[in-house]
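Keep in mind that what you see is a predicted model, and the values were worked out from it rather than measured. Whatever order the structure lists them in is the order used to number ligands and atoms, beginning at 1.
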Amino acid sequence: GREQIGPQSFVLRGFALADTDALLHGVDTVTAQSPWRHMQTPGGYTMSVALTNCGEWGWTTDAHGYRYARIDPLTGQPWPDLPAAFERLAQAAAQEAGFAGFTPDACLVNRYEPGARLSLHQDKNERDFDAPIVSVSLGMPALFLFGGDDRADKAARVPLFHGDVVVWGGVDRLRYHGVLPVKDAPHPRLGSQRINFTLRKAG
Ligand code: MD3
Ligand code: FE
């Protein structure tokens, strides 16, 4: 089922469930090479969300700003390859939401422990706003905030569960969004964590 949350945004409930093993294996392969880390924001805060990346480009933040880079600043090495299971799932999900031919070159992997949150923001560091973003949620549930084109616009709350995939694109691509503090409700497979990864075209 396709649940429409914006003119060009869709929740595909359980779309990733059948691929859970392959996706979690992919996350383990990625974090073995580029470990989870808590990055600093330009404003001097430490993010409550831990992150890593895979694919050609990785999103990073430090005292100097937000940007995409080919080299992991922690390891000094290129980011790990995009697992094939990530790319296949992203392409299939994008197609389902009306974005044919999606070829991601970046994947930001976020890990939320209880209490971790993501304040309202726009994703503007990618070069290509025509490409959609595909997001995959695993582990503990979260309440996703889906706002408008202005920070002050009222945000809808969308619950996201293990296995849900969301596709955002077109006129919805620059909408403000965030994640409320994640409650501790241990997941049978992942324990007290939520993992979300987003596939993008950044370069
Ligand atoms: C809506 N991550 O990494 S994914 C992010 O659950 C991020 O970890 C959240 O926001 C998470 O930047 C939400 C969904 C998402 C990603 C990008 C979007 C929603 C979006 C871009 C535009 C509109
Ligand atoms: Fe975002």
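In Arg200, the part holding a heavy atom less than 4.0 Å from any atom of ligand 1 is the side chain. Using a 4.0 Å cut-off between heavy atoms, His177 contacts ligand 1 through its side chain alone, with no backbone atom that close. Residue contacts with ligand 1 for Leu108 involve side-chain atoms from C-beta outward but no N, CA, C or O (heavy atoms, distance under 4.0 Å).
When the heavy-atom distances from atom 2 (N) of ligand 1 to Ile5, Leu51, Leu118 are ranked, the shortest goes to Leu118.
Of the protein's non-hydrogen atoms, the one nearest atom 13 (C) of ligand 1 is Phe144 CE1, 3.6 Å. With hydrogens left out, the protein atom closest to atom 22 (C) of ligand 1 is Arg173 O, 3.0 Å, a heavy atom. Atom 6 (O) of ligand 1 has as its closest protein heavy atom Arg194 NH1, 2.9 Å. Scanning all protein heavy atoms for the shortest distance to atom 3 (O) of ligand 1 gives Asn110 ND2, 3.0 Å. The nearest protein atom to atom 19 (C) of ligand 1, hydrogens excluded, is given as Trp168 CE2, 3.0 Å; this is a heavy-atom distance. Looking from atom 17 (C) of ligand 1 to the surrounding protein, the closest heavy atom is Asp123 OD2, 3.2 Å.
Look at Arg200 and Asp123 and you find a salt bridge, because one of the NZ, NE, NH1 or NH2 atoms lies within 4.0 Å of a carboxylate O, short of that distance. The pair Arg2-Glu96 fails the salt-bridge criterion, with no side-chain N (NZ, NE, NH1 or NH2) lying under 4.0 Å from an Asp/Glu carboxylate O. Ion pairing of Arg127 with Asp105 is absent here, as no side-chain N (NZ or NE/NH1/NH2) approaches a carboxylate O to less than 4.0 Å.
Distance alone, capped at 3.5 Å, places no donor-acceptor pair between the Arg13 side chain and the Gly1 backbone. Listed for the Thr29 side chain is a donor-acceptor partner under 3.5 Å among the backbone atoms of His25.
Counting atoms of ligand 1 from 1 in the listed order, those under 4.0 Å from a heavy atom of Ser135 are 4 (S), 14 (C). The ligand atoms of ligand 1 that sit less than 4.0 angstrom from a heavy atom of Val179 are 6 (O), 9 (C), 11 (C). Each of the atoms 22 (C), 23 (C) of ligand 1 lies under 4.0 Å from some heavy atom of Asp172.
Taking the six-membered ring where the residue is Trp, Tyr66 and Trp59 present parallel rings, their angle staying beneath 30° rather than reaching 60°. Using a 30° and 60° split on the angle between ring planes, His177 and Trp168 fall in the parallel class, below 30°.
Here the N, O or S atom of Asp123 that is nearest to the Fe ion (ligand 2) is OD1.
When hydrophobic clusters are built by joining Ile, Leu, Val, Met, Phe, Trp and Tyr residues whose side-chain heavy atoms come closer than 4.5 Å, directly or via intermediates, Tyr68 is not grouped with Leu199. Criterion: ILVMFWY side-chain heavy atoms under 4.5 Å apart, direct or through other members. Under it, Leu108 and Ile195 are not part of a common hydrophobic cluster. At a threshold of 4.5 Å between side-chain heavy atoms, the hydrophobic network of Ile, Leu, Val, Met, Phe, Trp and Tyr places Leu118 and Ile5 in one connected group.
The shortest separation from a heavy atom of Gln122 to ligand 1 is not under 4.0 Å, leaving the residue out of contact. At least one heavy atom of Tyr112 sits under 4.0 Å from some atom of ligand 1.
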